[in-house]
S.K.: 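Please find one structure pasted underneath; my questions will follow.
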Protein chains: 2
Amino acid sequence: MLLDDRKRLILKAVVDDYIATSEPIGSKSIVKNHDINLSSATVRNIMADLEKGGYLIQPHTSAGRVPSDKGYRAYVDSLMDLPPLTEKKKAEIESSFDPNLIDIQPLLKRAVDILSETTGYTALAVAPYTPTTHLTQLKILMIEPGRALIVVVLSGGLVKNRLARVPDVLTLEQLMLIANLVEQNVAGTKLEDITFVTIETSVQGIELPESLLNQVLYEAYVSIKQAENLETYVGGITNLFRHQDFRDVGQTGAVANLLSKDGGMIIGYMNKEEDNQASLEAGEDLGSDDEVTDDVASEESASPVPIARVYPNYFMIRIGQEIAIEPLEDCSFVTTTCETKDRTLGHISVVGPKRMDYNNVISHIGFVRRTVHKHLAADEE
Amino acid sequence: MLLDDRKRLILKAVVDDYIATSEPIGSKSIVKNHDINLSSATVRNIMADLEKGGYLIQPHTSAGRVPSDKGYRAYVDSLMDLPPLTEKKKAEIESSFDPNLIDIQPLLKRAVDILSETTGYTALAVAPYTPTTHLTQLKILMIEPGRALIVVVLSGGLVKNRLARVPDVLTLEQLMLIANLVEQNVAGTKLEDITFVTIETSVQGIELPESLLNQVLYEAYVSIKQAENLETYVGGITNLFRHQDFRDVGQTGAVANLLSKDGGMIIGYMNKEEDNQASLEAGEDLGSDDEVTDDVASEESASPVPIARVYPNYFMIRIGQEIAIEPLEDCSFVTTTCETKDRTLGHISVVGPKRMDYNNVISHIGFVRRTVHKHLAADEE
DNA sequence: TTTAGCACTCGGAAGATAAGAGTGCTAATT
DNA sequence: AATTAGCACTCTTATCTTCCGAGTGCTAAA
């Protein structure tokens, strides 16, 4: 079923109003609030059609209508307004990033805090572990006798460090020597291919008692292995509880736990899937222009209701069932990807109820992405 | 008003039952559930007395009673059972700490996760910034040309690091030279006394263009200043919403925000105040025996209801109004301090409704404290 | 094709009623 | 003098009814 202009108009009105009020929308309230040149009876007919088409759902016979997942899909794909962020808002976001910040991890952390605060939803970010990630550096610093900081630098500039116990008798020079040898041997090796044996063989011939040496090597090994664990950042998790859609505290608590614990994995997984499906729901890639919102908003002036909107492929929206994780079927994800030319650095998502303010979320997340990119690339200008 | 044995018994029963059921407790239900050799009428009289004494509150005329802050205070100070954790539980907690973990920061992070999970409340931790904190080391590692990791080591072994932009043309050797000079000059200086000028004067006479040098020095300065920001860890914030006492989602959201944002500060503040007041509510220090629970539990066998319990001074309980922060007046804090002989390393708190299961919380937090200490001190054994 | 009109549906708010748990007081009991 | 049984009274909460109104689908007229 293709939607003609009138149906699109009505569908847009329903979704807009439902997002605003969270009450089922009836035909009368639509003609009242949208100065549409039709009678409520006509609107009623159109709405009945939209329901047959699967875009709307009637919670019970004598109630108004509510968008279905398909309805939301159509809305985000082609119906909604997408006004750019005001300059004031942009400045606000920009100014809440410390200009000295260039590390992807704190940047993502900041991003989720800002997004959750400005959108009022929950934000997640994760620096994805890619199978090609390899080690580039392994350094040791002595903090105090017996304690050393082991620094693992991964391809892509990801830095992880860990405080470890080392034998008291070893000097910084000895530790650095060991680290150097190990680094020379394993640098360039994919993380998952590094074993304790790999590390052990790096230091053959060194003049140290085996037990001491092994202690250090083991700590190095643990540090490297631990670098595989990608950190997930969550912001505004309690915002989940603010929305009427999540009245059931128990259910919402389950969602909160799921997101806190596995949020990173979920986003990572969704994005991997996305690669396979090649932007299934978004159609063709638009090219990599950096400004979603301004871009797409311009299309809108052509027609009262835009015909089709194509998001750049670093952008993804998943609605309800599309997420394919049962406890999240009342949620939507808006996800974007931070990347350099050849490497994915992180995914940022905003999670909210299906009736979230997509509008606002998309503009914000798009701009936050831009800002993060600016920080990452500042020295390349 | 001094409480005789019978009053104490009844008060204990009321608090126990109220904690268990969260319903106001009536005289009948007490005689039913506690095989007390009294009639409900007698109990009623006693309860009326307790109410006059300010230990109990009647929500409305024809309802049972609920403990007041004073009632809870008496309960935690002398009435409640304090059975030690089962060995199984202990083992469980111990095993959920990575044995290789020796860094206070990840340890605190782990601690709040475990505590929030096992108690079902919210946990907070903070590594307190003490005015005597000084810098002991400043190191630089080159991550890639133009990017360096600046490591700041503070007294007490706290390690902070930060990725910074540095001029591409500088070599690792040059950077390390700068760091060494700065370190030599500012090591031992209290953090708050370090200024940019202090740093600048450290490197006089070095053979480098001023603009390059200043860039590096500035980044070092920022890194040092940033080390002052003590990180706060929060676990199980959504548990707040699970308790009937926090029905009002708006109110609870406000509490959640407050804790997430300022939780560390609040705990830090409470503990500072505590020092001044010298354990006001807990009386004299018991000495620093490490096991609260077993310790205090043993007293109990003497009398059906213990007379007075004294917590060691690394232990603090704040109930309702005692917290003196308005939005938190329906909460209680149970806080403990991790410390070495001469230094406070962190505070850990569990926050819940006033009718939290103090029992369980105290045993858990006490044991978690012990476990953290064990990890911190493992090499001193 | 659109719209006015109408009978019908159903959820939710408002009010009424009943049940139950609790209280305080008094008088009897120990 | 302390304890307890008994009783009248209070007040919340759950349940049931009633009723309003927004919304619907259908039919017939414009």
S.K.: Take A/K28 and B/T42, find for each the nucleotide of DNA chain D with the closest heavy atom, and name the residue whose nucleotide sits nearer the 5' end.
M.R.: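 The residue closer to the strand's 5' end, by nearest nucleotide, is B/T42.
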
S.K.: Nearest whole angstrom, please: distance from the P of D/dG25 to the CD1 of A/I46.
M.R.: 13 Å

S.K.: Mark yes or no: A/K354 above the aromatic ring of A/Y72, with NZ or CZ under 6.0 Å from the six-membered ring centre and no more than 45 degrees from the axis.
M.R.: no

S.K.: Just N and O in the side chain of A/R44: are any of them under 4.0 Å from OP1 or OP2 of D/dA22?
M.R.: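 For D/dA22, OP1/OP2 do not have a side-chain N/O of A/R44 under 4.0 Å.
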
S.K.: Mind running a 4.0 Å heavy-atom check of residues 58-67 of chain A against DNA chain C and sending the residues that fall below it, in number order?
M.R.: A/H60, A/T61, A/S62

S.K.: Apply the side-chain contact (heavy atoms from CB on, under 4.5 Å) test between B/Y55 and each candidate in B/R8, B/K70, B/M47; give the one that qualifies.
M.R.: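 Of the listed residues B/R8, B/K70, B/M47, the side-chain contact (heavy atoms from CB on, under 4.5 Å) partner of B/Y55 is B/K70.
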
S.K.: Check the pair B/R318, B/L328 against side-chain contact (heavy atoms from CB on, under 4.5 Å), reporting the backbone distance first and the verdict last.
M.R.: CA-CA 11 Å; B/R318 284 284 164 93; B/L328 301 181; over 6 Å; no

S.K.: Which part of the nucleic acid, if any, lies within reach of B/S27 when heavy atoms closer than 4.0 Å are counted: base, sugar-phosphate only, or nothing?
M.R.: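 Since only primed, P, OP1 and OP2 atoms lie under 4.0 Å of B/S27, the category is sugar-phosphate.
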
S.K.: List the steps and the verdict of side chain to side chain donor-acceptor pair (under 3.5 Å) for B/H34 and B/D17.
M.R.: CA-CA 10 Å; B/H34 290 266; B/D17 286 6; 2.8 Å; yes

S.K.: How close or far is atom P of C/dC25 from atom CE of B/M47, stated in whole angstroms?
M.R.: 15 Å

S.K.: Would you kindly say whether B/T335 and B/S349 are connected by a side-chain donor-acceptor distance under 3.5 Å?
M.R.: yes

S.K.: Within a strict 4.5 Å, meaning less than it, do heavy atoms of the A/V234 and A/V112 side chains meet?
M.R.: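 The answer is no; the side chains never approach within 4.5 Å.
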
S.K.: In terms of the nearest nucleotide of DNA chain D, which residue is placed more toward the 5' end: A/E51 or B/N45?
M.R.: B/N45

